[in-house]
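Proteins get letters first, then strands, A, B, ... in listed order; numbering begins at 1 in each.
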Amino acid sequence: MVLFFLPSQNIHKVGFTATKKIGNAVKRNRAKRRLRALFCEFSSILQDGTYIFVAKQSINEIAHEKLKDNFLKVLNHLKAVEKN
RNA sequence: CAGGUACAACAGAUAGAUACUUGAUAACUCAAGAGGAAAGUCCGAGCUGCUCUAAGACAGUGUUCCAUUUAACUAAUGGCCGUAGUAAUGCGAGGGAAAGUGCAACAGAGAUUAGACUUCCGCUUCUAGUUCGCUAGAAGAGGUAAAGGUGAAAAGGUGGUGUAAGAGACCACCAGUCUCUAUAGCAAUAUAGAGAGCUUGUAAACCCAACAUGGCAGCAAGAAACAGAUGGUCAGCGUCUUAAGGGGUAGGUAACGGUAAUUACACCAUAUUUAGCUUGUAGCUACUGUUUCGCUAGAAACACUAUGUAAAUGGUGUGGUAGAUUAAUGCUAUCAAAACAAAACUCGGCUUACGUUGUACCUAACUC
RNA sequence: GGUGCCAUCGCCAAGUGGUAAGGCCGCAGCCUGCAAAGCUGCUAUCCCCAGUUCAAAUCUGGGUGGCACCU
């Protein structure tokens with residue numbers, strides 16, 4: 001997945017994107033739902049700002065644990081997680 | 001056993017922690033929440049707007065065996081005919097080529113009032129032979145559609161009569177077409193009989209006939225409220241010169257420079273361009289933004305029952321808010337054979353994709 | 001959600017029922033001492049599946065993929 005992050009005070013906005021390359025409407029909706037569920041899990045420890053998640057082609061083949069690892073890795077890379 | 005044909009049913013369950021949409025409630029909470037194809041958008045309707053409309057005709061568009069069903073249909077049901085298959089059963093845009101026009105490549109002698117290349121046939125002329133009856137060869141003007149070969153297709157087929165040779169020219173039987181009569185059937189049609197004429201294909205080529213039909217756009221249709229001010233409109237100012245090309249003014253745009261200054265998008269000059277510019281208005285069938293409505297109880301679904309071969313129709317009963325706008329109905333784990341696939345105004349069909357299970361029926365060949 | 005259009009060789013494309021033109025690229029040969037240029041030849045299941053027809057790239061129906069417009 002790809003994450004775009006714009007940090008700013010007192011603004012909370014999230015977007016989830018799934019392009020036609022992923023598959024038909026069922027697969028695209030499932031990709032968005034999985035990302036949304038993961039975001040809700042971590043939303044309490046994130047900084048304020050605007051987030052845009054873009055799903056890539058292999059998202060529907062990957063297992064849940066691996067997707068979770070990737071999700072954390074991407075967040076840490078952009079330093080979006082609040083310390084403590 | 002195996003293979004096939006038709007029809008029907010279902011479209012996950014359990015657990016965990018935790019979100020979303022709508023409705024009810026003061027709140028806590030409670031209830032409901034995606035398909036058989038929601039898909040393709042191929043037909044037919046409702047609904048909405050615009051346009052049109054006395055009636056009729058022409059044109060356009062569509063349909064095309066018969067009966068029935070339906071709100072309607074190019075749909076469905078049953079039948080007839082044709083066709084594929086051993087069969088169960090499937091498939092069929094299934095009127096007219098004798099109203100007219102067009103087209104039929106290549107090959108072939110000839111392709112639609114057909115045609116003579118090789119055959120076949122007598123006739124005339126010439127030559128040769130002669131048993132003086134004729135025979136053979138060449139040339140000419142004809143006859144012929146029976147044989148050959150070409151082609152998707154050669155103007156019915158077989159047998160006889162007939163003839164110089166032949167020919168539906170005539171006859172018998174057969175195939176096909178049309179008409180009439182009888183019987184069965186509501187009908188398409190089937191069976192039987194009689195007669196006519198002399199029969200290429202193509203109408204998913206133009207066309208003809210019969211029948212039907214206002215047209216176009218589609219909920220991103222359209223309606224209301226609030227806000228805006230692009231067009232329009234009202235008011236004021238301006239609209240010069242030349243025959244024309246062109247030149248010039250107000251106004252617009254702009255680099256360098258200058259002026260001014262708290263700030264400057266101002267002013268000056270210069271360059272370039274060319275008739276509009278400015279202020280108001282919201283009462284306009286043009287326009288922009290937001291919100292609300294349209295929006296879900298419907299020619300509806302399910303169960304039982306009556307009629308009908310069936311599609312379907314009638315009667316009785318039952319239960320019940322999916323209604324969003326980046327778009328909810330989730331996420332994770334386990335089990336399992338789980339596939340195709342996500343509503344966006346709503347219905348009736350068709351088409352295409354696809355997992356599992358069941359029921360009924362068929363069997364030529366193959367295997368035992 | 002709705003509406004319309006397109007698909008022919010690797011690329012650009014012509015072709016309104018009768019043997020699928022042409023250009024560029026590529027390959028092979030000729031030419032040349034070697035190349036370039038030039039000349040000759042080769043390369044198509046007309047997106048797929050059915051139907052009508054003697055015959056379909058063309059006509060009809062269905063499917064697949066792509067593009068554009070309405071906001």
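- Taking atom P in both C:A44 and C:A21, the straight-line distance is 12 Å, to the nearest Å.
- Contacts of residues 65-74 of chain A with RNA chain B (heavy atom under 4.0 Å): none.
- Computed from coordinates, the A:Lys32 NZ to B:C331 P distance equals 13 Å when rounded to whole Å.
- The nucleotide B:A138 finds its pairing partner in B:U125, both defining distances of the Watson-Crick or G-U wobble pair being shorter than 3.5 Å.
- For B:U239, there is no paired base (Watson-Crick or G-U wobble, both distances below 3.5 Å).
- Shown here, B:A322 forms no base pair; nothing in the strands shown gives a Watson-Crick or G-U wobble contact with both key distances under 3.5 Å.
- Atom name P, nucleotides B:C42 and B:C52: the rounded distance is 30 Å, in whole Å.
- In textbook terms, a nucleotide whose glycosidic angle is within 90° of 0 is syn, while B:G90, being further out, is anti.
- Look at CG on A:Leu35: it is 13 Å from P on B:A327, rounded to the nearest Å.
- Comparing the P positions of B:G148 and B:G168 gives an interatomic distance of 16 Å, to the nearest angstrom.
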Which pairs would a plain distance check flag for residues 33-40 of chain A, meaning a side-chain donor or acceptor within less than 3.5 Å of a matching protein atom at least two apart in sequence or in another chain?
residue, atom, partner, partner atom, Å
A:Arg34, NH1, A:Ile59, O, 3.2
A:Arg34, NH2, A:Ile62, O, 3.4

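- If A:Leu38 and A:Asn29 are placed on RNA chain B by their nearest nucleotide, the residue sitting closer to the 5' end is A:Leu38.
- The separation of C:C48 from C:A7, taken at their C1' atoms, amounts to 12 Å, rounded to a whole angstrom.
- The distance between atom NZ of A:Lys27 and atom P of B:A339, rounded to the nearest whole Å, is 11 Å.
- Under the ring pair (Phe, Tyr, Trp, His ring centres under 6.0 Å) criterion, the residue pairs touching residues 55-75 of chain A are A:Phe42-A:Phe71, A:Phe53-A:Phe71, with sequence neighbours excluded.
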Report each atom pair, protein N/O against N/O of nucleotides 10-19 of chain B, whose distance is under 3.5 angstrom.
none

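- Remark: the separation of the C1' atoms in B:G232 and B:U288 is 15 Å, to the nearest Å.
- Taking the side chain of A:Ala37 as heavy atoms from C-beta on, and the options B:A342, B:C331, B:A327, the nearest nucleotide is B:C331.
- Separating the C1' atom of B:G193 from that of B:A111 is a span of 41 Å, rounded to the nearest Å.
- When the P atom of B:A34 is taken as reference, atom CZ of A:Arg30 falls 18 Å away, rounded to whole Å.
- Residues satisfying the salt bridge (charged side-chain N to carboxylate O under 4.0 Å, His left out) criterion with A:Lys73, sequence neighbours excluded, are absent altogether.
- A chain of hydrophobic side-chain contacts below 4.5 Å, direct or via other Ile, Leu, Val, Met, Phe, Trp or Tyr residues, connects A:Leu72 to A:Phe16.
- With a cut-off of 3.5 Å on both Watson-Crick or G-U wobble distances, the partner of B:U334 is given as B:A13.
- Across all strands shown, B:G92 pairs with B:C81; the Watson-Crick or G-U wobble distances both stay below 3.5 Å.
- One P atom belongs to B:U41, the other to C:G65, and the distance between them is 11 Å to the nearest Å.
- Pair check for B:C30 finds B:G23; Watson-Crick or G-U wobble, both atom distances under 3.5 Å.
- In textbook terms, a nucleotide whose glycosidic angle is within 90° of 0 is syn, and B:G36 is one such case.
- When the side-chain nitrogen and oxygen atoms of A:Arg36 are compared with OP1 and OP2 of B:A327, one or more of them lie within a distance under 4.0 Å.
- Within 90° of 0 lies the glycosidic angle of B:G133, which makes this nucleotide syn.
- The C1' atoms of B:A6 and B:U18 are separated by 49 Å, rounded to the nearest whole Å.
- Counting any heavy atom pair closer than 4.0 Å across all strands shown, A:Arg33 reaches a base atom.
- The base-pairing partner of B:C361, taking Watson-Crick or G-U wobble contacts with both distances under 3.5 Å, is B:G4.
- Checking B:A34, B:A333, B:A341 against every side-chain atom of A:Val26, the shortest atom distance belongs to B:A341.
- The nucleotide B:A210 finds its pairing partner in B:U63, both defining distances of the Watson-Crick or G-U wobble pair being shorter than 3.5 Å.
- Taking the side-chain hydrogen bond (donor to acceptor under 3.5 Å, both in side chains) definition, one finds that A:Lys27 meets it with nothing, sequence neighbours left out.
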